[in-house]
Every structure is written in C-alpha cells, then in structure tokens.
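Bear in mind that the values here come from a model prediction, so they are computed numbers and not experimental data.
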Amino acid sequence: MVACIPFFSLAASLLLSNAPVVSGASIVSRTTALQVLHASRSDVLNATTELPIVNRAISPDGYNRSATLAGGTLPGPLIAANKGDDFRINVTNQMTDPSMYLSTTVHWHGIYQNGTNYNDGTAFVTQCPIPANDSFLYKFSANNQAGTYWYHSHYTTQYCDGLSGPLVIYDPEDPMADMYDVDDETTVITLQDWYHFPAPVDNRILGISPNSTLINGLGRYAGGPASPLANITVQQGKRYRFRLVSLSCDPTFTFSIDGHNFTIIEADGQLTEPLTVDSLQILAGQRYSIVLNATDPDPQANGNYWIRAMPNTGNAAGTFAGGLNMAVLRYEGAADVDPTTQQAKSVNPLLESNLHAFINPGAPGVPELGQADINLAMIVDNRKGTYYINNATFVNPTVPVLLQILSGKYAATDLLPEGTVYVLEPNKTVELHMWNGEGFAGPHPIHLHGHSFDVIRSAGSDIVNFKNPVRRDVVSSGTQGQGMVIRWTTDNSGPWFLHCHINWHLEAGFAVVFAENPSGTKQHIGHVPEAWENLCPAYNALSPSQLGGVVPPL
C-alpha cells in the first residue's frame, strides 16, 4: 500500500540529504558513466551466464543518481539465445546502496517456466528474495518458445531503479525470415521511464511521475542538459526487424518514426499476420517486432529522422521540445546532427483488434462468450491509492504461495493472501472478463505469468474474435468503465501471478494469484533445488537495515 507524502516536502528533504542532485560535477562526470553503460551492445550475454546485480551511479538523462543495474548497465545486457537452448543464469546479488532495496529476484517475462515454476522469479509467489551477498541459479528451458522477451526484478518496485533488460530467443527457422535482412543486437530498441529519486522514495508519493523517457538507455528531462540521445543506424535498401521492448514502470508510449511506416510481425513472443501501421501504442511489459524498410524517403531530411516515444504520463509528457522522448534514426553516411523532421499526424495507428495470430490461430474452447470451462469476472477498483480486485487487495504473504502449495495446501481458503488466490482445475479453458471500476485512469497493462492468452475482446472495442485473435501475455484493461476478455488453457501447474504491470499499481495491490492444479504441482515441477529452499530462511533472517530502502526522514 502506498502512502501519500507531499512531493515538494519530500523533495526538499532529499535535496538536503545525500540524494544526488544536478551539479556541474555530476554533469561533467556523466561521460565516464556512459562509457560504462553503452558499449554498442558488446555486452550481449548468452543463455548460460553470470548476471551480477549491482548499484552504480549513472546519468542516462544528464541527472546523476545511484541505480540498481543488471550487469552494471542501463538497460541490462541483452540476453540472446536460440530456440531450444537451455538457460543457466546465475544471479549474484552484489548490491550495497541502502537507499535502494538490497534484496532482489529476477523474472523472465514471457517465459512459461513449464515445470520450473520455482524459477519464475516472482517474490512471495514463487520464491523468497535473494539477499545481498547471495546468489541463485535460474535453470529453465523455454521449450518451443522464440521471440522477444525481457527480464526484470519482481521484488517490490525495484525494477523502476533500473533492474531490467531485453531477452531474445532467435529462431533459425523463423517463418517470417524472408521479410527482413537484419535482426541482431543492434536492432533491439528499449523504451523506459526514468525517475530522479529512488523507488523506495517514489513508493511514498501518490501519483508519482517519471522525469524522462529513455530510448536504449538515453534521454533528456525537462529543464536538463542536452544529454546525448540514442542513435540507430540503418543502411539504405535493407529491411530491419526492430524488436521494440517496453521496460516501462508506468507510462504507455506512442511510438513512431518520422517519414516511415513499419510492419508488425510479432506481439509478446507470438508471431502475427503482418500488419502495416504508422504508429503504435506499447504498454508496460509489451513487446513488438516491427519491420522497417530503410528507403530514406525524404531528401530534405539529410538521412536523419526522429524516433518518437511519447509517454502518456510524466514530467516530459506532451512535448518533444529539446529532444525529449526521442532518439535518432540515421542512414549510413548521414551527418551526425539532430534531425529536422516534423511529426506527421498518424493516419494508420495500430488497433489491437487488427492483429491476428500467425501460428495455430484460434482461441480455445467453445467460441461463445461465457462458455469456457471456467468463467471468471473481475472488477477492479481504486480506493484512495489502493487497488482491489473483487474487493480484495493483494498483500505479500510471509510464505511464498508455491511453498504453501508444496506444504499440502490445495484449497483457495487455505492459501494466503486471503481473497486473492484462485484455484484453477487442470486442462480447462479459462475465460477472464476484467472491468475497471471506480477511481481509474489507465490504460492498465495486465500480465499473466506462465501463459500466453488469446485476446477475445480488446479494451474499448466491440469486436469479439474467437477465430484468430492476437495471442500475447500483456493486454490493456483500458480506462475507467472499460474492460477486456481473454482466454487460455490450464496446462501449466503452479501458482501464476496476474497483475497490472504499472509497478506502482502492483505495489498498491493490483494483483491476484492463479493456483493452477495445486494438487498436481509437486509432481509437475519435480525436485525443487536446495538453493531455492534456502532462500526463505536467509531472507527472513535479514534485519531492517539489511533490507535497504532507507528513506531520509522529513
């Protein structure tokens, strides 16, 4: 639950404490930080790797602050694998900054973890956090999955301090391969919001807004210096598969590239029938692959075009002045100067209902609303900053839900937190209707762990589609008074989180757990590693000071 503290009082307190401030020294020192943070993605990791979690001072938008980073970079290093690879990622917690959370988990967003629920990385649902000076080896397979994913902390609001990065599983036999020429580490584009105060402070500010938008880890903030922007270089005549990843803690971004249309071929790890658009909205946690034909369409542009990612909230929302919310698309050989292109009005924006699954299209079950094996209705309300789903707010249990299930608790009434755990029978079709009730703005990105789902009806749309709906793992529930309908099959035993991917809203209770086939979970996941069993005793033994997240007194 989030407490409300007046922003200016809190800001004044921080400025008088040891919190980072913009000064001549901090701006001068940012060059060194950027050399560490941005090495043309030479820091690509493979499926078997070490992933240290560290604290480091960075200034991605010109404002110097301490951050929580995977691999010491912002965003974290690209983890690149091939379809069929087994993952062995040893996460080592090397954090030392008490102003931020000192324990951690890592969630592999979009990976089903079928048979390895304990590696889903969800604090207090599938594991206890990893304390400082400890480590945990995440071992899992992605089975037949290929596409664009990402990883991030799933411990309180820690990933808003920087702990996130892209993860791509390449398919050597990609059926879309004839549509593009280039698909590598240089064509991954990350979007994220950035905050000048650490997450434990931001947690206490009701309605906190980001200070800037970062594209590939670089951006500018209103009133700040002309900090470097990300440059993406293309060659005339080539076709590029750009993998667009939203690492957002909050905003929905409207993405476009001046002078260029692009074709969507993937949503959240699922191939789609090609759909050409001139802009798209991408919510927190969502991913799209877009194919751009590099034709350098405007001779007056001199080979430089603005890439735009307008957030729907934050101090930089609503303007591109001074390079806010932008990066540069640069044709090979063009001068290294800022573009002068103007944004045209979008006439062909993405409508989610126009996206259709490319492989095995069709939703499971009887093709009529309300005729699934399990039909769930959820109404979400916001009451004074706390979120409720069917009048229950999610609060972290003291014992992870998976550990409760392995101890023999199988009924919803036995599982904690009370009112927020739903037991689902195995091998059933589930239909979920979610509506936004009182106190909503939105849109709200709803993410289901352990599954992809078919979007039967998108928020704000009257189109009901069972034949070939888009299949994905994050969907908008819309704004106040709107809702969505999704379907999936319960073929993956274990407790799986369903939550709003606006991290501040998750922290404020916007979540439930689906305990899928709890009586069969132990057999499905098999042997649980001893290191996993040791996490809870180690975490529970920590003192308050060892947990970190220290906020200066007002």
Side-chain angles (χ1 to χ4, degrees), residues 39-53 69-73 75-92 105-122 126 135-154 159 163-177 180-190 216-217 240-247 265-271 285-290 358-359 447 449-452 471-474 492 529:
S40 300
R41 289 242 162 85
S42 62
D43 53 350
V44 176
L45 304 177
N46 60 30
T48 299
T49 189
E50 297 283 326
L51 188 65
I53 310 301
L69 305 173
T73 66
L78 168 66
I79 297 176
N82 286 320
K83 187 176 180 179
D85 284 354
D86 292 328
F87 289 82
R88 302 290 184 270
I89 303 175
N90 190 38
V91 173
T92 59
T105 69
V106 178
H107 169 57
W108 316 97
H109 184 120
I111 305 300
Y112 299 148
Q113 300 292 350
N114 199 317
T116 50
N117 175 269
Y118 50 85
N119 278 322
D120 191 49
T122 313
T126 63
S135 65
F136 183 71
L137 177 63
Y138 289 92
K139 299 172 61 176
F140 56 90
S141 299
N143 298 321
N144 293 319
Q145 291 186 258
T148 309
Y149 308 94
W150 64 301
Y151 61 91
H152 60 86
S153 169
H154 222 303
Y159 93 73
L163 204 175
S164 60
L167 187 157
V168 176
I169 302 176
Y170 295 95
D171 185 355
E173 299 179 350
D174 181 12
M176 297 290 193
Y180 55 86
D181 305 305
V182 183
D183 176 27
D184 58 24
E185 67 274 9
T186 69
T187 63
V188 176
I189 301 176
T190 60
N216 283 355
Y240 291 80
R241 179 178 182 167
F242 287 118
R243 295 176 182 265
L244 192 61
V245 185
S246 175
L247 311 180
I265 61 170
E266 177 208 352
D268 297 356
Q270 300 287 331
L271 293 178
Q286 290 185 329
R287 295 88 64 208
Y288 289 103
S289 278
I290 60 174
F358 181 74
I359 297 176
H447 173 46
H449 292 217
H451 297 273
S452 291
R471 190 173 296 130
R472 61 187 321 157
D473 59 51
V474 180
N492 190 3

Could you give me the CA-CA distance, side-chain angles and deciding distance for Thr126 and Thr105, then say whether side-chain contact (heavy atoms from CB on, under 4.5 Å) is met?
CA-CA 10 Å; Thr126 63; Thr105 69; over 6 Å; no
Ring pair (Phe, Tyr, Trp, His ring centres under 6.0 Å) between Tyr138 and Phe136, worked out:
CA-CA 6 Å; Tyr138 289 92; Phe136 183 71; 4.8 Å; yes
Step-by-step side-chain contact (heavy atoms from CB on, under 4.5 Å) determination, Tyr288 to Arg472
CA-CA 10 Å; Tyr288 289 103; Arg472 61 187 321 157; 3.0 Å; yes
Would you sort out whether Asn119 and Phe87 count as a side-chain contact (heavy atoms from CB on, under 4.5 Å), showing the intermediate values?
CA-CA 11 Å; Asn119 278 322; Phe87 289 82; over 6 Å; no
Might you work through the side-chain contact (heavy atoms from CB on, under 4.5 Å) test for Asn492 and Tyr112, ending with a clear yes or no?
CA-CA 8 Å; Asn492 190 3; Tyr112 299 148; 4.2 Å; yes
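In this structure, Asp85 and Ile169 have side chains that are not in contact, with every pair of non-hydrogen atoms separated by 4.5 Å or more. Side-chain contact between Tyr151 and Ile89: absent, with no pair of heavy atoms (C-beta onward) separated by less than 4.5 Å. At least one side-chain heavy atom of Tyr180 sits less than 4.5 Å from a side-chain heavy atom of Asp174.
Of the possible polar contacts, none joining the Tyr118 side chain to the Gly115 backbone as a donor-acceptor pair under 3.5 Å is found. A donor-acceptor distance shorter than 3.5 angstrom exists from the side chain of Gln145 to the backbone of Gly110, with no hydrogens or angles considered. Side chain of Thr49 to backbone of Asn46: no donor-acceptor contact under 3.5 angstrom is found. A donor-acceptor pair under 3.5 Å is absent between the side-chain atoms of His107 and the main chain of Gly121, judged by distance alone. With hydrogens and angles disregarded, no donor-acceptor distance shorter than 3.5 Å links the side chain of Ser289 to the backbone of Ile265.
Inspection of the Arg243 and Thr148 side chains reveals an N or O donor paired with an N or O acceptor under 3.5 Å. For Ser452 and Asp473, the side-chain atoms include no donor-acceptor pair closer than 3.5 Å.
Using the six-membered ring where Trp is involved, His109 and His447 have ring planes that are parallel, under 30° apart on the 30 and 60° scheme. Ring geometry, Trp150 versus Tyr159: the interplanar angle exceeds 60°, so the pair is classed perpendicular (tilted spans 30 to 60°).
The line from CG of Leu69 to OG of Ser164 is 9.0 Å long, rounded to the nearest 0.5 Å. Considering CG of Leu45 and CD of Glu185, their distance stands at 12.0 Å, rounded to 0.5 Å. With values rounded to the nearest 0.5 angstrom, Gln113 atom CD is found 10.5 Å from His449 atom NE2. With rounding to the nearest 0.5 Å, the separation of CG in Asn90 from CG in Leu51 is 9.0 Å.
Across every non-hydrogen atom of Pro75 and Leu247, the tightest pair is CB-CD1, 3.6 Å. Residues Asp43 and Pro77 share a closest heavy-atom pair of O-CB, 3.1 Å.
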